[in-house]
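Position 1 is the first residue of the sequence; numbering continues from there.
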Amino acid sequence: MFSPSSRKKSTYSSLKDRNVNQQKTPLFDSSPITPVAGNRNSINDGSIPNRPQSGTPAPWASRLSVIARIPSAKKNEKMENVDLPQPVYVGDFPQAVHDEQTSFLRNSVPGEACISGGMDKETGLSWMICGSKLFLWSYLSPAASKRCVVLDLPADVSDICSRNAYLGDTWLLCLINWDNVHQSSSIVNQLTSAGVILCNQRSRAIVYWPDIYSDDGATPRISLASSEEPEIISPMGHGRSPPRQLQSENRLERLSTNPSSFNSLIASTIPFNHHACVALATSSNGELWQFICTPAGVLRQKVCDILSTSISGYSHPSGSKGYPRSLIWRFPSLLTGKSNRQFFVLTDHEIQCFSIQLSPNPTLLKVWCHEIIGTDNELGIKKDLAGQKRIWPLDIQVDERGKELTILVAIFCKDRLSSSSYTEYSLLTMQYKSGLDETSKDFTQGRVLEKKSPIQVIIPKARVEEEEFLFSMKLRVGGKPSGSAIILSGDGTATVSYFWRNSTRLYQFDLPYDAGKVIDASVFPSTDDTEEGAWVVLTEKAGVWAIPEKAVLFGGVEPPERSLSRKGSSNEKSPAEENKNLLNAAGVSPGKAGLDARDVGGKQRSGFTGVAGKNAQDEEAEALLNRLFHDFLLSGQVDGSLEKLKNVRAFERDGETNVFARASKSIVDSLAKHWTTTRGAEIVSLAVVSNQLIEKQQKHEKFLQFLALSKCHEELCLEQRHALQIILEDGEKLIGMIQLRELQNMISQSHSSSQHSSANAGVSGSLWDLIQIVGERARRNAVLLMDRDNAEVFYSKISNLEEVFYCLDKHLDYILNVGQPFKAQVQRVCELSKACVTLIRSAMHYRNEHHVWYPPPDGLVPWYSQPVVRDGIWSVASFMIKILDDSSGIDLSIKSDICSHLEVLADVVLEAYVGAITAKIERGEEYKGLSDEYSRKRDALLDSLYQQIKVFVNARFQDSGDEKEQKDMILRELSSNLLSVARRHEAYRTLWNICCDLNDSALLKDLMNESMGPRGGFSYFVFEQLNENGQFPKLLRLGEEFPQELVIFLKDHSDLMWLHEVFLHQYSGASKTLHGLALSGDEMFSAAEKETELDLRKTVYTLPQRKRLLHLSKIAAIAGKDADYEADIERIDADLKILKSQEDILNLCPDDMEKQKIGHRLLPPWDLVRLCLKGQTPELLLRAFDVFAWTSSSFRNSNKSLLEECWKSAVDHDDWEKLYHFSIAEGWSDEDTIRVLQKTMLFQAARRCYGQESEMYDGGFDEVLPLRQENTELPSMKDSGSSVEAILMQHKDYSDAGKLMLTTLMWGSAQVDVGGKDGPVSME
């Protein structure tokens, strides 16, 4: 009633005073998804004249389409142009429910029969109790595939309830999912095992069915209230009914105020116990009861009194009647590996949290409590404010994460000025405090919860209701729009509340009275496992309805000052009065509601999920395009169409938002009005499906003609290439769907004609299961399709053909039914392979035939090259590879069938990859990762196929060994198709294997001539294989026929280049190549070469091998004798000496981890020097100077600081101060001095670097580090490394032993004039 839609004047009031003794209660007519009235028993054998049009539209007539179901009476003269979204009819009840309703209502007092029911989000099941029967079915399944479980209530329970029927018996039910599968978010997993716990609120009788899907588990276990429990049975006689007035007045009141009735029920499995569970129930007198349910029976016991439980001695006085109200688990399901669960209890002033240990003997622990009604406003709701009289917490819900709690609250207030009373409805949202340590055992200190946001007022001043009406309200959370909640009232209305633009907006789902009330609500699951989905409601007589997000956003209004009940709703008022009251209550002028709806969709559209991004300009352009196309269909004329469309700016958008792309999508995705879901699975065998697809194809071709004749095609080709590609791809998908439809016909006929065919043979197989999954996913993504059959949706939603491949990737194991016999799996996977090939090949054929229509393809990715399509096809292909690899010993005919399908499928998936890689290259994007993925999958596919071909050939000739020629002929014949695929996709490994097995060098050379890639193509691969196999002569001989390719190959393989150069008598070049090989590091390629190398084999040489290469280089240089060969020989000799130095250094180094890590690797000179400095032994220090001597002048210059470190280490090696004191004390002679100093490290280093007989390469040490300082002054820090003498002068002992150091240096260098210009140096 909060929807801004107006209603026509209802004629329902004329029926309100119908005769009480009327035998047949007027009810709704046949559901549109069930057979016509003549084919089944309708609930209403009569008819209702002038059926009232108030409330949400109900399916009283046949539904031709979604739009046709919305009655025109929903609009009035002031809001004619506002096309507001409406609730969507999801489906009718199963036929068994209809039949029982008919019987039950006929045998009941008209208008007083009570039907209970509900919806379970976790299992996706709805339930309903009519008379003595319990019905359960999935509200997620399409109508034609509904499976309804019918359970008979035990006679003992049924008798007790029948004696109290006039008091309004209601039921509580919990479903136990033994499969441990979250059904609401699962598309493919069907519930196969579930238990049911049923509780009668008044009698407190418990009925437990261990497994409703098995014969043994469908037998109920009963637990009746004992005589010690409070009296709950009506004292009235059996079969007697009190007066009708008593029934109507006391129905809710007796239930809500009965101190012993149950208010709430929850249940959970007991881990590791077969079909065992525990249920908890709260009663209106504050008791908490526990029920242990097992196949052996039900054990009931009172656990505690909620209102008197305490923590650390803190207790509350007994609360008001009717409390506690609600029980709810913190998390929707038992966490994996956990054996305990937490649950919340809502009392009259607080939230209590308990933990239960799930075992055959459960234990209960109170964790914490939080007062939500008290004197502190920060805790929740502040009480005792002016005007407040009483506060009722009515229901509580928890989000999927177990972090946020939403409480429905009603506050009775009195206006002090006007003395009028009213009720304020609010939603209080609490959340766990951030940073709270939940592992703590003690929550008595500090708060556990905090307000997430200020309290959200739903209705500020509503009519005062009876307490029993308040207690009948239920709260549900988690639906769309995000953050919305739905409030269910006891008299059958459902109100969606959501916060928008700093105010609350309401949308009420309200049915006419004779359509029954809303029984329960839930959230329709999302296929992407998100927390939010559309709201779905279960009605008493009108089936299941979904409330789309758009309906709530566009139809919501500001809260009116009226109740959430059905009293005073639009069902009892004229449209004018209802519209006036609604708008006035919202504080807006007439028409404001409609404007707000448009404003929601226009200005803030991006904030809503599921709302299309169209504005007024787009709608104008789309309407004009539709009108022009319609005129073209009638007259064939396109006069001025291009100019008109340009004037409305129809060519501004590109991609899917383009109006032409939208028009194309509407053509291919249109739902057939004459299709019906009453036939269920038979729809796939109807000719009407094919006819409808052909009609779509013809209309789409007409649309292309319109684009061409009007010159719009040319405009799109220039400005909106992506949009034009989408339009043409719609044609590709349409032709693919037509071909798939024909394939399904062939498969159905094949199954039906099989020897062991069954009634459902025509609708079985993997393709049929795939159709069901894709259709189900589309239904769940668009609630407007929920009343349609899966197959109908599949064959209608053509533009979303990629969903086929998405479902193949995500649900392949289910579709193939892994676990079935091997032969059945092969048949099913081959069906899927044929379906994939049919779709892609049909699209490619369409593209080839219509290539002149397509825009320039630069950078555009075909739809069949998208990742989701590639992944889906690859899932099927990889499964087939797995079957071939794991199927040793199976029939060869089965293997042959798999290979034939896999061969075609491989070509399709590889073509898809080629399209994607080409688009990336054209857009200039990085494509190496995708190219590597393509190469891996290509080789896996073709290698597997070729191995199977060899198996086939060997199996034929396993007993004969002299028929080699005939064997090769068969191998050539069987591999011909594979060879062509490998050629197209450059599968070099497969080509090489085929050529080798056939020993066909002519074929090999032909393939090498064909494939001339940027790095040598197939020739490069052939050379690489010959190199790995050590066939070097063959490689070089073959290279003579492909010289350019060989040069490319040898550039990356220097270890073979020298052989080629020697073969060509290019000895100098061979010498340089060998020299480079000998000195190359472990990584043979530069960084630039590594980016383009094709996984080349790298050769690691040991030190002896490097010395051998250097000797070969020296020989080649001598043989070449070019102008610089002597210098080359000198450099080679120097490098040989460096290698010898490394061997000596490694021999002198201690055996540690570093030495083991080095092994035989070639170290660069600077690393050798540092290794020597680290050792600090005389032998190693001298080897450091050897390394410097045999490098080069440029190396010594660039590493001067490292050379200085060597001299400093040489000086520091001896204790010069001690030598100086000994020389003074002992009075050394010159001979003694020379004898002692010759043993110092400084003397030996000077002789190695500056001695007259010292050997080195490329100049001397004097060029880098002179021996003496040019001036006699002490060097500054800047000149400390200008000479060896300057280094000595920086030594700490130079002040005393400086002359001794210089004497050692000069004698070591064998220079006679040790004293310099002033004569010899005195030792004194």
Side-chain angles (χ1 to χ4, degrees), residues 179 181-183 185-190 192 527-529 736-737 740 743-744 747 751 763-781 790-791 793-794 797 800-841 863-887 890 894-895 897-910 912-913 933-934 936-938 940-941 944-945:
D179 292 336
V181 175
H182 196 289
Q183 288 300 120
S185 62
S186 174
I187 296 179
V188 299
N189 294 318
Q190 301 298 320
T192 59
T527 57
D528 298 324
D529 293 332
M737 189 64 79
L740 186 67
L743 175 64
Q744 175 62 25
I747 294 174
H751 289 174
V763 290
S764 60
S766 57
L767 180 55
W768 171 250
D769 291 340
L770 176 62
I771 290 172
Q772 293 297 305
I773 291 176
V774 177
E776 177 69 14
R777 179 174 167 82
R779 288 173 65 246
R780 295 200 187 184
N781 284 335
N790 287 339
V793 174
F794 174 82
K797 292 297 178 181
N800 295 329
L801 192 58
E802 293 89 347
E803 290 293 309
V804 171
F805 302 94
Y806 175 87
C807 293
L808 279 176
D809 184 37
K810 300 299 181 182
H811 308 297
L812 185 65
D813 288 345
Y814 170 80
I815 298 172
L816 295 178
N817 203 352
V818 177
Q820 276 193 344
F822 178 79
K823 189 174 182 180
Q825 291 187 46
V826 170
Q827 182 181 3
R828 294 178 71 86
V829 76
C830 288
E831 277 187 23
L832 296 179
S833 173
K834 191 179 295 183
C836 294
V837 172
T838 298
L839 289 173
I840 306 301
R841 286 279 175 86
W863 70 270
Y864 49 76
S865 294
Q866 297 291 345
V868 63
V869 180
R870 302 196 309 264
D871 293 344
I873 302 176
W874 174 250
S875 296
V876 178
S878 59
F879 187 87
M880 299 175 81
I881 293 175
K882 183 176 181 295
I883 287 181
L884 291 174
D885 294 342
D886 299 344
S887 57
I890 67 169
I894 296 178
K895 276 193 173 185
D897 192 26
I898 299 175
C899 288
S900 61
H901 284 87
L902 181 58
E903 196 172 87
V904 182
L905 188 65
D907 193 23
V908 168
V909 69
L910 294 179
Y913 269 98
E933 180 184 343
Y934 162 70
R936 289 194 306 271
K937 293 182 177 179
R938 175 200 61 201
L941 283 166
S944 178
L945 284 170

Side-chain donor-acceptor distances from residues 816-826 under 3.5 Å, at least two apart:
unit_1 : atom_1 : unit_2 : atom_2 : d
Gln825 : NE2    : Gln820 : O      : 2.9

Quick check: closest heavy atoms across Leu808 and Ser875, and the distance to 0.1 Å?
O-CB, 4.0 Å

Would you sort out whether Trp874 and Ile881 count as a side-chain contact (heavy atoms from CB on, under 4.5 Å), showing the intermediate values?
CA-CA 10 Å; Trp874 174 250; Ile881 293 175; 4.2 Å; yes

Just wondering, do Val869 and Ile840 contact through their side chains at under 4.5 Å, heavy atoms?
yes

Got a sec, which residues hit side-chain hydrogen bond (donor to acceptor under 3.5 Å, both in side chains) with Ser900, two or more places apart in sequence or on another chain?
none

Can you check whether Lys810 reaches Ile773 side chain to side chain, under 4.5 Å on heavy atoms?
no

Side-chain contact, heavy-atom cut-off 4.5 Å: Phe794 with Glu803?
no

For Leu812 against Phe879, the heavy-atom pair lying closest together
CD2-CB, 4.0 Å

Take Lys895 and Ile898, measure what side-chain contact (heavy atoms from CB on, under 4.5 Å) needs, and give me the verdict at the end.
CA-CA 5 Å; Lys895 276 193 173 185; Ile898 299 175; 5.5 Å; no

Once you round to the nearest 0.5 Å, how far does CZ of Arg779 lie from NZ of Lys797?
13.5 Å

Is there a side-chain contact between Val909 and Lys937 in this structure, where contact means two heavy atoms from C-beta onward sitting under 4.5 Å apart?
no

Shortest non-hydrogen pair, Cys830 vs Asp897, comes out as SG-OD2, 4.1 Å

Say you draw a straight line from CZ of Arg841 to CG of Leu905; how long is it, rounded to the nearest 0.5 Å?
9.5 Å

On a heavy-atom basis, which atom in Val876 and which in Cys836 lie closest, and how many Å separate them?
CG2-SG, 4.5 Å

Is Lys834 close to Ile747 at the side-chain level, that is, under 4.5 Å between some pair of heavy atoms?
no

Answer whether the closest heavy-atom distance between the side chains of Asn800 and Val774 falls below 4.5 Å.
no

Contact check, side chains of Tyr913 and Arg938, non-hydrogen atoms, under 4.5 Å:
no

Is Phe805 close to Asp871 at the side-chain level, that is, under 4.5 Å between some pair of heavy atoms?
no

Output yes when Glu933 and Arg936 qualify as a salt bridge under the 4.0 Å nitrogen-oxygen rule, no when they do not.
no

Between Cys807 and Ile815 the two heavy atoms that sit nearest each other are O-CD1, 4.1 Å

Checking Leu884 against Leu902 for the side-chain contact (heavy atoms from CB on, under 4.5 Å) test, could you report, in this order, the C-alpha distance in whole Å, the side-chain angles of both residues, the deciding distance, and whether it holds?
CA-CA 10 Å; Leu884 291 174; Leu902 181 58; 3.8 Å; yes

Quick check: closest heavy atoms across Ala791 and Ile771, and the distance to 0.1 Å?
CA-CG2, 4.0 Å

